[in-house]
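The structure appears right after this line, and notes come after that.
Everything numeric here is computed off the predicted structure, so don't read it as measured data.
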Amino acid sequence: ADLAMWNWVFSAGNTTLLRRLLDLDGERIALMDEGDIDVHLLSLTAPGVQMFDADTAVAIATSTNDQLAEAVRRHPTRFAALASFAPQDPKRAAKEIDRAINTLKLNGLIVNSHTNGEYLDNPKFWPIFEAAAAVKAPLYIHPRNPPLPASLILKGSYNLYSAIWGFQVETGIHAMRLIVNGVFDAFPELQIVLGHMGEALPFWLYRMDRRWRGSLKRGKPSDYVRNNFLITTSGVNAHEPLQYCHTVLGADRLMFAIDYPYEETLEAAQFMKTAPLPDADLEKIAHLNAERVFHIAPRS
């Protein structure tokens with residue numbers, strides 16, 4: 001399924017997408033200026049390094065982080081960046097997290113959900129959380145196609161396993177696994193970022209609490225969503241879900257995002273500029289929250 005995504009990216013009809021993915025200087029900044037976008041938070045596109053063997057994944061993550069740091073150095077007022085790491089080797093992932101944040105001065109971390117069908121609630125991955133907590137770095141969990149068994153049942157006359165449905169289902173499951181299996185009880189300060197209006201979690205708060213029968217140190221599942229998660233608007237340029245998420249999570253937990261180049265800059269910018277929310281809350285969502293969470297210096 002991940003190879004299908006790359007076949008799509010590299011297909012003859014997607015020359016604009018591929019060009020924009022590779023560009024860190026020209027068209028990207030011109031579109032930012034046109035849309036009144038001050039800063040892009042850069043990251044390696046999905047599915048990242050998690051489809052490779054451990055040694056290859058570690059090497060690509062290291063090289064990518066170096067390239068991102070160089071891009072930020074070239075454009076320090078326009079770019080910030082999220083570091084990749086290889087969950088296939090949690091100990092080396094922890095070392096790269098430390099290097100990326102403390103040496104390269106990147107702004108946070110990104111992982112593309114499951115790794116070979118395994119999720120980060122498995123204690124063998126917890127050195128990653130220990131490293132993230134030590135450097136106070138937020139972790140963005142980006143979607144990828146579901147593991148193969150789920151992909152098979154999401155296929156039909158029209159494939160549902162990617163962004164139309166499978167992405168949000170798979171990443172929402174990952175987030176719930178972290179909550180119910182005690183990750184945030186072990187790492188209470190850990191902050192997770194979810195795109196696409198929260199991969200549906202905000203819409204299920206009542207239901208998850210209503211059916212919860214387990215034991216957590218700090219309350220019900222919804223309490224963890226409200227305290228350990230932030231969500232972005234990426235790929236959902238619609239005011240109705242924004243207003244709902246604003247109501248149930250509050251302005252401090254929402255961040256504007258474009259999902260460039262998979263979404264169009266001007267459409268996303270217009271969506272935010274016309275959002276029917278209080279001006280003070282729009283300031284938080286548009287930039288103040290991201291500056292706080294990702295340690296990005298505000299532009300003058």
Side-chain angles (χ1 to χ4, degrees), residues 16-17 19-46 64-84 100-101 104-110 136-140 142 191 193-198 230-239 241-243 245-246 249-300:
T16 298
L17 177 61
R19 184 185 72 247
R20 289 179 173 180
L21 279 171
L22 297 174
D23 168 51
L24 291 176
D25 299 285
E27 182 181 12
R28 178 184 293 266
I29 293 178
L31 284 170
M32 290 168 66
D33 290 341
E34 188 176 356
D36 297 324
I37 304 299
D38 289 335
V39 177
H40 264 191
L41 184 64
L42 305 173
S43 65
L44 180 64
T45 194
T64 297
N65 294 338
D66 288 340
Q67 292 178 60
L68 287 172
E70 176 56 31
V72 174
R73 281 192 289 270
R74 290 198 307 272
H75 304 285
T77 65
R78 308 308 304 273
F79 292 155
L82 301 179
S84 294
I101 303 301
L104 299 181
K105 306 300 182 184
L106 300 186
N107 303 85
L109 311 169
I110 189 166
K136 296 180 172 58
L139 174 60
Y140 197 119
H142 189 279
Q191 295 295 300
V193 181
L194 299 175
H196 316 109
M197 290 295 181
L230 297 102
I231 72 171
T232 84
T233 65
S234 60
V236 185
N237 297 321
H239 289 152
L242 174 65
Q243 290 174 290
C245 290
H246 176 265
L249 297 182
D252 291 337
R253 290 278 148 185
L254 276 65
M255 295 185 287
F256 169 64
I258 299 171
D259 208 2
Y260 178 89
Y262 299 101
E263 304 291 341
E264 291 297 330
T265 297
L266 299 184
E267 178 188 352
Q270 183 66 13
F271 150 76
M272 181 52 53
K273 291 175 181 178
T274 58
L277 296 177
D279 289 344
D281 288 353
L282 285 176
E283 285 290 317
K284 291 181 178 181
I285 297 167
H287 67 98
L288 291 176
N289 291 340
E291 290 164 2
R292 168 177 54 86
V293 171
F294 296 113
H295 310 291
I296 299 171
R299 290 192 71 190
S300 59

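- Contact of the Thr265 side chain with the Glu34 side chain is not registered, since no non-hydrogen atoms from C-beta on lie closer than 4.5 Å.
- Within the 3.5 Å criterion, the main-chain N or O of Ala83 finds no donor-acceptor partner in the side chain of Asn65.
- The CE atom of Met32 lies 9.5 Å from the OH atom of Tyr260; values are rounded to the nearest 0.5 Å.
- Each of Glu283, Lys284, Arg253 was checked for a side-chain contact (heavy atoms from CB on, under 4.5 Å) with Asn289, and the lone residue meeting it is Lys284.
- For the atom pair NZ (Lys273) and CG (Asp36), the distance works out to 3.5 Å, reported to the nearest 0.5 Å.
- Taking all atoms of both residues into account, the shortest heavy-atom contact from Asp25 to Ile29 is O-CD1, 3.3 Å.
- Of the inter-residue distances, the one linking Leu42 atom CG with Leu82 atom CG reads 8.5 Å to the nearest 0.5 angstrom.
- Arg78 places none of its side-chain heavy atoms less than 4.5 Å from the side chain of Val39.
- Considering only heavy atoms from C-beta on, Val72 stays 4.5 Å or farther from Leu68 through its side chain.
- For the pair Ile110/Leu44, no side-chain contact is recorded, criterion being any heavy-atom separation below 4.5 Å from C-beta on.
- Put simply, the side chain of Glu264 does not reach to within 4.5 Å of the side chain of Asn237, judged on heavy atoms.
- In the model, Tyr262 has no side-chain atom that pairs as donor or acceptor with a side-chain atom of Ser234 under 3.5 Å.
- Ring centers of His239 and Phe271: under 6.0 Å apart, within the cut-off.
- Of all non-hydrogen atoms in Ile37 and Ala269, the two that sit nearest each other are CD1-CB, 4.3 Å.
- To the nearest 0.5 Å, atom CG of residue Leu41 and atom CD1 of residue Ile296 are 5.0 Å apart.
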- Test His287 against Asp38 for side chain to side chain donor-acceptor pair (under 3.5 Å), laying out the working first. CA-CA 9 Å; His287 67 98; Asp38 289 335; over 6 Å; no
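- Nearest heavy atom pair, residue Met272 against residue Leu282, reads SD-CD2, 3.9 Å.
- Within the 4.5 Å cutoff, the side chain of Leu230 has no heavy atoms near those of the Phe294 side chain.
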- Message: I'd like to know whether Thr233 forms a side-chain contact (heavy atoms from CB on, under 4.5 Å) with Leu254, so could you lay out the CA-CA distance, the side-chain angles of the two residues, the decisive distance to 0.1 Å, and finally the verdict.
- Response: CA-CA 7 Å; Thr233 65; Leu254 276 65; 5.6 Å; no
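- Residues Arg74 and Leu24 meet the side-chain proximity criterion, which asks for heavy atoms closer than 4.5 Å.
- Rounded to the nearest 0.5 Å, atoms CD1 (Ile231) and NE2 (His246) are 11.0 Å apart.
- A distance of 11.5 Å separates OG in Ser43 from CG in Asn107, rounded to the nearest 0.5 Å.
- Each of Val293, Thr232, Leu109 was compared with Tyr140 under the side-chain contact (heavy atoms from CB on, under 4.5 Å) criterion, and only Thr232 meets it.
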